[in-house]
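Report on one structure; see the data block that follows.
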Amino acid sequence: MPELPEVETTRRRLEQSLIGQTFDSVTVTWPRSIRTPVSELQRELPGLRIEALDRRGKYLSFRLSNGYFLLLHLKMSGRLMVESKAIKPHLHVRTRFGLSNGHELRFKDTRKFGRVYFLKDAKPILGKLGPEPLDDHFTPDAFQRLCRGHKGRLKPSLLNQEFIAGIGNIYADESCFEAGLHPASRLEDLSNSDLRRLYKAIRTILTKALNYEGTTLDEVYPEGEFQNHFQVYGRREQTCFRCQTPIQRIILAGRSTHFCPVCQPCAKEH
DNA sequence: CTAAAATCCTGGTGGC
DNA sequence: TGCCACCAGGATTTTA
């Protein structure tokens, strides 16, 4: 559920306290989340300094002093915090990255979906991702070219990280509403004007969510307050703020999908 | 080729 | 109060 706005908010909040710090230990209580041999991580990470903390899609990327990268994916329930080693870690902290300043970077992950990678080169993972929706290089023209080279339904495409990076279930639904497009529309049925609206909608929604420091649901990642500004997500059977029609919920690509049947007509029908 | 379904996980919820 | 089936969902893997 942490999507681009939540991951970026996490990055911004952690950056100050982590840049320049040096790792001194790694403690793992759920080894399956570590996609590098745990012994290698524990042998190699201590002594390395954090040079930069970046985000690509939903990944956080630590650039280390030996040129290696530590990649973290929060998946469903992951949360990162920096705490003093003296504070007893929460039950659901699965990995603790000890720092030489007496603190720890703690990876709390109730549902155990989160992933940790320690790699010489981040490209094999980050290179597969589609464009960054808020990047300056992501222009309306670039988006149109992207869509014209892709087949499939709108919402599943938005969730496909190789198509476009960083969008998850919440922001896919909110972006479709903002664009006035039915989430099951086929990309090839969208007009150029539909695509321009969609481009603008994606940027508007992600920017707005970022300004609210993301979404807080189920106390999983108490980051921001965008949940107070949902138009459709989680609003099944509540009335549309724009036209008062009840919001519908369907399953698309195996994911619950919320939309207004009046404000978001199917592309073919208009 | 695309697309749907199963998989991994836990905590919370609703039914009885 | 307890038990249990069921749901949420990101990305990968399997099946159709």
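Atoms considered below: every heavy atom in the structure, side chains included; atoms not considered: hydrogens, waters and symmetry mates. In the text below, chain A, chain B and the rest are named by the order of the sequence lines, each starting its count at 1.
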Measuring to OP1 and OP2 of [N], would you say a side-chain N or O of [X] lies under 4.0 angstrom away?
X        : N      : answer
A:Thr110 : B:dC9  : no
A:Tyr171 : C:dG10 : no
A:His73  : C:dA11 : yes
A:His92  : B:dC9  : no

Expressed in angstrom and rounded to an integer, what is the separation of [X] atom [atom1] from [N] atom [atom2]?
X        : N      : atom1 : atom2 : answer
A:Asn169 : C:dA11 : CG    : P     : 11 Å
A:Lys128 : C:dT13 : NZ    : P     : 8 Å
A:Leu217 : B:dT10 : CG    : P     : 21 Å
A:Leu252 : B:dT2  : CG    : P     : 17 Å
A:Lys108 : B:dG11 : NZ    : P     : 11 Å
A:His90  : B:dT10 : NE2   : P     : 14 Å
A:Leu91  : B:dC9  : CG    : P     : 16 Å
A:Leu60  : C:dG10 : CG    : P     : 16 Å

Does [Y] offer a backbone N or O that forms a donor-acceptor pair with the side chain of [X] under 3.5 Å?
X        : Y        : answer
A:Glu6   : A:Thr215 : yes
A:Ser185 : A:Leu181 : no
A:Asp24  : A:Pro46  : no
A:Thr207 : A:Thr204 : no

| said: Suppose we call two aromatic rings close when their centres sit under 6.0 Å apart. Are A:Tyr68 and A:Phe118 close by that rule? | reply: yes
| said: For A:Phe69 and A:Phe62, I'd like to know if the aromatic rings sit close, meaning centre-to-centre distance below 6.0 Å. | reply: no
| query | Mind checking whether A:His73 and A:Tyr59 have parallel, tilted or perpendicular rings, split at 30° and 60°? | reply | perpendicular
| said: Using C1' atoms of five pairs at each end, report the bend of the helix from B:dT2-C:dA16 to B:dC16-C:dG2 rounded to 10 degrees. | reply: 60°
| message | What's the separation between atom CG in A:Leu80 and atom CZ in A:Phe107, rounded to the nearest 0.5 Å? | response | 6.0 Å
[X] and [Y] ion-paired at < 4.0 Å:
X        : Y        : result
A:Lys128 : A:Glu162 : no
A:Glu15  : A:Arg12  : no
A:Lys155 : A:Asp173 : yes

Interface polar pairs with nucleotides 3-8 of chain B, N/O, under 3.5 angstrom:
from, atom 1, to, atom 2, distance (Å)
B:dA3, OP1, A:Arg186, NH2, 2.7

| request: Please assess A:Arg96 against A:Glu104 for the test salt bridge (Lys or Arg N to Asp or Glu O under 4.0 Å), listing each intermediate value before the final yes or no. | output: CA-CA 6 Å; A:Arg96 288 146 52 204; A:Glu104 278 179 342; 3.3 Å; yes
Check nucleotides 14-16 of chain C for protein N or O atoms closer than 3.5 Å to its own N or O atoms and list the pairs.
none

| task | Report which part of the nucleic acid A:Tyr117 touches: base, sugar-phosphate, or nothing (heavy-atom distance under 4.0 Å, all strands). | result | nothing
